[in-house]
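These notes concern the structure reproduced below.
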Amino acid sequence: AQSVTQLGSHVSVSEGALVLLRCNYSSSVPPYLFWYVQYPNQGLQLLLKYTSAATLVKGINGFEAEFKKSETSFHLTKPSAHMSDAAEYFCAVSGNQFYFGTGTSLTVIP
Amino acid sequence: NAGVTQTPKFQVLKTGQSMTLQCAQDMNHNSMYWYRQDPGMGLRLIYYSASEGTTDKGEVPNGYNVSRLNKREFSLRLESAAPSQTSVYFCASSESLAGDTGELFFGEGSRLTVL
């Protein structure tokens with residue numbers, strides 16, 4: 001069975017600081033991995049996805065994620081947080097279905 | 001380009017009442033899904049439809065029924081609503097069933113409160 005675990009349900013960073021949101025996956029086969037973002041009162045939208053073409057994946061709004069097979073991780077980073085990055089972030093793995101993590105709420109402190 | 005459209009956006013029901021959430025997509029996607037989102041639990045799959053004419057149970061199907069009316073539309077019905085069904089419901093679609101590199105496209109959600 002496939003699953004993802006997001007470490008930290010709430011993360012706070014100062015504006016301009018590094019954003020690091022953690023995701024570990026469990027998969028018996030090479031997975032397809034995704035990060036989605038949800039702004040308040042909206043649906044989820046895709047930030048980026050890993051499809052085995054490259055281990056470092058760049059997404060929208062300056063976010064990127066690195067696939068590390070040895071660590072079974074797919075952490076999301078952004079060098080400098082902006083106020084507009086405040087949202088809920090979900091890691092997901094795709095197998096016969098999409099499996100979502102429980103989400104990490106990002107707060108950006110001015 | 002509307003993408004995935006859900007109606008209604010808000011609904012308040014009394015225990016025991018029934019209702020149907022409607023979902024339509026205009027991207028010619030084959031697969032459609034219904035999720036519920038509850039605090040601290042992420043998104044949980046209720047039902048999905050791999051293609052027109054097929055539906056399958058997800059992780060939390062009890063208390064729900066679905067209909068894949070045609071390729072565009074996928075509805076979710078609560079026959080006898082319970083307070084435990086208070087949640088935010090999301091419809092999503094994808095070009096094909098998960099397992100390839102496709103992504104999910106989500107509607108804006110339907111907020112349901114059962115009193």
Side-chain angles (χ1 to χ4, degrees), chain A residues 1-11 21-54 57 59-60 65 67 74 87-105, chain B residues 1-10 21 23-25 27 29 31-51 54-61 87-111:
Chain A
Q2 291 160 313
S3 65
V4 291
T5 302
Q6 291 183 243
L7 300 176
S9 57
H10 298 277
V11 171
L21 304 182
R22 300 177 187 274
C23 173
N24 288 88
Y25 69 91
S26 171
S27 174
S28 58
V29 297
Y32 298 125
L33 293 159
F34 305 80
W35 275 100
Y36 282 84
V37 60
Q38 183 182 30
Y39 298 104
N41 300 314
Q42 294 186 24
L44 282 71
Q45 56 184 280
L46 183 70
L47 264 182
L48 50 81
K49 63 182 179 182
Y50 167 74
T51 61
S52 76
V57 182
I60 62 173
F67 174 72
F74 190 58
E88 187 93 14
Y89 292 81
F90 292 92
C91 183
V93 63
S94 171
N96 59 331
Q97 298 176 13
F98 285 86
Y99 298 91
F100 286 86
T102 53
T104 298
S105 177
Chain B
N1 189 351
V4 179
T5 303
Q6 295 180 229
T7 56
K9 287 185 168 42
F10 300 92
L21 299 177
C23 176
Q25 52 90 9
M27 295 172 283
H29 285 168
S31 303
M32 298 185 72
Y33 314 77
W34 277 106
Y35 289 89
R36 60 177 290 172
Q37 183 180 27
D38 302 289
M41 304 192 75
L43 277 79
R44 293 182 291 169
L45 183 64
I46 304 171
Y47 272 93
Y48 66 99
S49 170
S51 60
T54 69
T55 60
D56 286 286
K57 295 178 180 179
E59 181 184 356
V60 289
S87 187
V88 181
Y89 292 85
F90 287 98
C91 178
S93 70
S94 62
E95 189 172 320
S96 59
L97 194 61
D100 63 10
T101 61
E103 65 181 268
L104 287 176
F105 292 82
F106 285 85
E108 293 191 343
S110 298
R111 284 155 180 78

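What you see is a predicted model; the values in this text were computed from it and never measured.
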Show me, pair by pair, the donor-acceptor contacts under 3.5 angstrom made by side chains of residues 36-44 of chain A, not counting sequence neighbours?
| unit_1 | atom_1 | unit_2 | atom_2 | d |
| --- | --- | --- | --- | --- |
| A:Tyr36 | OH | B:Leu104 | N | 2.8 |
| A:Tyr36 | OH | B:Leu104 | O | 3.3 |
| A:Gln38 | OE1 | B:Gln37 | NE2 | 2.9 |
| A:Gln38 | NE2 | A:Gln42 | O | 2.9 |
| A:Gln38 | NE2 | B:Gln37 | OE1 | 3.1 |

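Under the 4.5 Å side-chain criterion, counting only non-hydrogen atoms from C-beta, B:Glu103 is in contact with A:Phe34.
Heavy-atom distances place no part of B:Phe105 under 4.5 Å from chain A, backbone and side chain included.
In this structure, the ring of B:Tyr35 has its center less than 6.0 angstrom from the ring center of A:Phe100.
Applying the salt bridge (charged side-chain N to carboxylate O under 4.0 Å, His left out) rule to pairs touching residues 38-51 of chain B yields B:Arg36-B:Asp38, B:Asp38-B:Arg44, sequence neighbours excluded.
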